[in-house]
2 protein chains.
Amino acid sequence: MPRDEEDVRQLVERLGVGLRDAGVRVTHQRLEIFREVAKSGGHPDVETVFRGVRKRVPTVSLDTVYRALWLFTDLGLITTLSLPRERLRFDANMKPHHHFVCTKCGMASDFYSEELDHLRLPGSVRDLGVVQKMQVEVRGLCRDCAEGTDPTQRTQRKEEEL
Amino acid sequence: MPRDEEDVRQLVERLGVGLRDAGVRVTHQRLEIFREVAKSGGHPDVETVFRGVRKRVPTVSLDTVYRALWLFTDLGLITTLSLPRERLRFDANMKPHHHFVCTKCGMASDFYSEELDHLRLPGSVRDLGVVQKMQVEVRGLCRDCAEGTDPTQRTQRKEEEL
DNA sequence: CTACATGCAAAGGGTTTGCACGACA
DNA sequence: TGTCGTGCAAACCCTTTGCATGTAG
């Protein structure tokens, strides 16, 4: 699900502000790396971001992508999505949202629900610590995997992109 | 939070049944590897399991631990817990539960809530696919990290064990 | 007894790091 | 212009794999 071009521009602009506020430099590479994450509405892994950025910035190196993505994460400008047996993914969607992850192909979609954003947690959680964030994670079979193929398989594949 | 010894025995026994049902062999190593996961109420990573098992089975090798843990996972006898910037962890708790994860030290606790077990999901999820499982993931600062120390730090450390 | 599991060691692959050059502020 | 970021390549892990040996069924 690619994101609207105007939205992407806004997001990139907001990143610039975030970087400046944090006192780090706003470089061409950082903007393009972020744009790549923001552009795909999905949750690209490092490799996917790298390949995407390289189309526009052929000299960019993989370790720069790593450093930029972790920088954004540490500054709270993007978030991460970690799935067993898969590479770490990055997410520019900072609005409250929840995840549906396909256990077969690994596809991860965001979904929204005002109700789930404001769940009341049981008292026992208060004893564990201070809550910062709360998300519902749903696992299941995506439409494509649910139909046609054998649901007992357990292969997990990351989204392929040129 | 270590688990009660009798509970552990029951869990290990149930694993034996699971393995037999799946038509794979019930070996000493597999039982001990599982016991190590079941014993710690926590969510040990591969290395932690390995070190624990080696105390009782000094000849066990790391790759056997890997193979066993993935086997159990594939058979649905344990589950995994994946956190950004951390090693994958394993969880013998197959009862419905939810997670509280400390963003600073990485500590992960289970908590329970009948209400959260039966959340009603928004209609948009139906369009994404077929739901198999649903879990709430809470991020925050655990009691130890919340008090005394600077909450702006972002260090993540895995639970240390001999 | 036979097939499957284990241990060992080596290969594999993703991620991080050190350093000199380059570019933002 | 000085400092921070980048690119390159090597180092570092963690994880997986191939193969001979051991063992559960």
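These numbers were taken from a predicted model, which means no experiment stands behind them. Protein chains get the first letters and strands the later ones, always in sequence-line order, with residue 1 at the start of each.
- Neither OP1 nor OP2 of C:dA3 sits under 4.0 Å from any side-chain N or O of B:R25.
- For D:dT15, the OP1/OP2 oxygens have no side-chain nitrogen or oxygen of B:W70 closer than 4.0 Å.
- Around atom CZ of B:R56, more than 12 heavy atoms belonging to other residues, nucleotides or ligands sit under 6.0 Å away.
- One interatomic measurement links the two molecules: CZ of B:F50 to C1' of C:dT6, which rounds to 13 Å at whole-angstrom precision.
- The CZ-P distance, from A:R20 to D:dC4, rounds to 17 Å in whole Å.
- For the pair B:E47 CD and D:dC13 P, the interatomic distance rounds to 12 Å; values are reported in whole Å.
- A:F72 and A:F34 have perpendicular rings, their planes meeting at more than 60° on a 0 to 90° scale where under 30° would count as parallel.
- Of the candidates C:dG14, C:dA5, D:dT15, the closest approach to any side-chain atom of B:R30 belongs to C:dA5.
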| task | Would you check, one step at a time, whether the test salt bridge (charged side-chain N to carboxylate O under 4.0 Å, His left out) holds for A:E5 with A:R9? | result | CA-CA 6 Å; A:E5 201 174 299; A:R9 199 165 315 161; 3.4 Å; yes
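- The side chain of A:D63 approaches D:dA9 more closely than any other nucleotide in the set D:dA9, C:dA5, C:dG7.
- In this entry the distance linking CG of A:L71 with C1' of C:dT16 reads 15 Å, nearest Å.
- The side chain of A:S61 contributes an N or O atom lying less than 4.0 Å from OP1 or OP2 of D:dG7.
- Relative to the side chain of A:T27, the nucleotides C:dG14, D:dT17, D:dT6 differ in distance, and D:dT6 lies closest.
- Within the 4.0 angstrom heavy-atom criterion, base atoms lie near B:R67.
- Under 4.0 angstrom from either OP1 or OP2 of D:dG7 there lies at least one side-chain N or O belonging to A:Q29.
- Nearest-nucleotide assignment on DNA chain D puts the 5′-proximal partner with B:L88, out of B:H28 and B:L88.
- Atom CG in A:D74 sits roughly 13 Å away from atom P in D:dG5 (whole-Å rounding).
- A pairwise comparison of heavy atoms in A:R143 and B:D127 identifies CD-O, 2.9 Å as the closest pair.
- Taking 4.0 angstrom as the limit, A:T59 places a side-chain polar atom (N or O) nearer than this to OP1 or OP2 of D:dG7.
- Between B:V46 and A:A68, the residue anchored closer to the 5' end of DNA chain D is A:A68, taking for each the nucleotide with the nearest heavy atom.
- Between the CD atom of A:E86 and the C1' atom of D:dC14 there is a distance of 18 Å, given to the nearest Å.
- Contact annotation: B:T64 does not reach the phosphate of C:dA5 (side-chain N/O to OP1 or OP2, under 4.0 Å).
- The separation between B:L19 atom CG and D:dG25 atom P is 10 Å, rounded to whole Å.
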| request: Verify side-chain hydrogen bond (donor to acceptor under 3.5 Å, both in side chains) between A:N93 and A:H43, making sure each step is shown before the conclusion. | output: CA-CA 9 Å; A:N93 184 2; A:H43 307 80; over 6 Å; no
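- Rounded to a whole Å, the CD1 atom of B:I33 is 11 Å from the C1' atom of C:dA5.
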